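One structure coming up, written as structure tokens, with questions to follow.
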Amino acid sequence: MGLGPTKQQPSESFPPPQSKRRRQCQSPALDMGTRNHLWLGAKRILTCYLVGLTISDRYATIVSVTGDSMHPTFTAASSSLRGDVVLAERSCLEKYQFSHGDIVMFKCPSDHRELFVKRLIALPGEWMFLPGSHDIIKIPEGHCWVEGDNAASSWDSRSFGPIPLGLIKGRVTHFIWPPSKIGRLDTKIPENRISPV
Amino acid sequence: MRGPWSLLRGSLTGALIGVTINDRYASFVTVHGSSMLPTLECHPAKDRALVSRLCLDTRFGFSRGDVVLFRSPTDHRELMVKRLLALPGDWIQVPSAKEIRQVPEGHCWVEGDNADVSWDSRCYGPIPLGLMQGRVTHIVWPLNRIGRVERKMPEGRVMQR
């Protein structure tokens, strides 16, 4: 009867650590690897989505044009394909770089869910000739006057008056579709509308 | 493998998530001016409030009596905080002009709680709902003023559509 240390034989219920690990990795080995891949893939997709959202909210977004109030600059949606697709940049909102003739995208003052695209005719503080009459109006502070190129079928400031600049959500700069029109938008500064006071 | 590259990636992702939350879900705003006394104060310390942007989705959950954040109609770079009193189609009594006006489609009427110093719809008229930037739900600073910002309507001024 010695008081020395006793040595226990490893039994079936306690396999040595190495083979246990190997067993765990071998049968669900594919699942572990696939799970990792799926997780990585999901993270990448989420990151791309967030980057896309942030760019769209703050820098530039892509808009499809409908309606013919801006004919001939923009062509309305045809039956086969949607209308012109354009790039609208948002950096103008912070730097306050609006100029005459810019085509701006703004929330409709009588329906905040709709976005309109029209040309900027007059900036705050300017005196402007009303179309079709000899009247001159002063654009109030913080507001602007927008009109569609196709005067006959455009619902714009001639109906709802000058709009607050806070409603503007972007400025259209480039065509993206159709391919024949891809490139920068030509600027067209409206003539004889601003009265030099 | 936690090197500096991994740390940079982690902080960029964190910043991206923060920016998205700020733009679309909730953000903080500091109160200047006393047009919303006593609900929101700026002396002795400027109140900081939590603004919820969830209401800007398609359901557009603004109710009469909410305190709202919107772009000033006279300076698009400025944000203003006032109480929303009337929604499109409502009739509102304007005390100073002794008249009753109807709020046009797509617009709303905002007034500050501190009527004497508030520059609001009584001066510049109803504002388009497209100017809305969020709804003030809670005050988060200073600590002794933490709490909900309650919905409140003045008596007998607004006739709902």
Side-chain angles (χ1 to χ4, degrees), chain A residues 40 42-59 61 90-98 104-116 118 120 123-125 138-144 146 155 157 159-171, chain B residues 1 6 8-25 27 53 55-62 68-80 82 84 87-89 102-108 110 119 121 123-134:
Chain A
L40 269 174
K43 274 202 304 197
R44 277 214 188 99
I45 291 177
L46 185 67
T47 314
C48 287
Y49 178 65
L50 282 183
V51 168
L53 263 189
T54 306
I55 292 179
S56 172
D57 283 348
R58 287 174 166 246
Y59 299 107
T61 186
R90 297 193 194 266
S91 51
C92 56
L93 296 171
E94 272 163 53
K95 292 183 274 171
Y96 190 52
Q97 273 176 0
F98 297 117
V104 293
M105 185 176 76
F106 57 94
K107 285 206 174 164
C108 174
S110 49
D111 185 359
H112 61 276
R113 287 162 300 195
E114 268 186 52
L115 277 176
F116 278 15
K118 303 274 179 281
L120 194 69
L123 293 172
K138 183 166 189 205
I139 307 295
E141 212 186 314
H143 287 63
C144 61
V146 290
W155 194 44
S157 283
S159 319
F160 45 67
I163 60 163
L165 285 169
L167 287 177
I168 295 184
K169 298 293 168 199
R171 185 170 61 143
Chain B
M1 216 161 50
S6 168
L8 181 68
R9 265 208 332 227
S11 15
L12 276 179
T13 313
L16 199 62
I17 294 177
V19 162
T20 306
I21 292 179
N22 179 74
D23 285 350
R24 290 175 165 245
Y25 299 107
S27 63
R53 295 190 197 268
C55 43
L56 292 171
D57 66 6
T58 44
R59 281 162 306 144
F60 218 69
F62 287 108
V68 293
L69 179 77
F70 57 93
R71 284 201 189 280
S72 167
T74 49
D75 184 356
H76 68 290
R77 287 161 300 188
E78 246 187 69
L79 287 170
M80 302 180 74
K82 298 279 178 281
L84 189 141
L87 290 173
Q102 186 176 33
V103 178
E105 203 57 50
H107 288 65
C108 61
V110 291
W119 189 50
S121 283
C123 312
Y124 45 69
I127 59 169
L129 286 169
L131 291 176
M132 291 290 135
Q133 297 291 310

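All figures in this text were calculated on a predicted structure; none of them were measured in a lab. In what follows, every chain begins at residue 1, and chains take the letters A, B, ... in the order their sequences are listed.
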Are H76(B) and I168(A) packed together at the side-chain level, in the sense that at least one heavy-atom pair is separated by less than 4.5 angstrom? no
Name the one of L53(A), L46(A), T54(A) that satisfies side-chain contact (heavy atoms from CB on, under 4.5 Å) with L16(B)? T54(A)
Shortest non-hydrogen pair, P164(A) vs P128(B), comes out as CG-CG, 4.0 Å
Side chain, backbone, both or neither: which part of K169(A) has a heavy atom under 4.5 Å from chain B? side chain
Given L50(A), which partner from the list T13(B), V19(B), I17(B) fulfils the side-chain contact (heavy atoms from CB on, under 4.5 Å) test? I17(B)
Give, as side chain, backbone, both or neither, the part of Q133(B) having an atom under 4.5 angstrom from any heavy atom of chain A. side chain
With a 4.5 Å cut-off on heavy-atom pairs, point out which of R58(A), R113(A), H143(A) contacts chain B the most. R58(A)
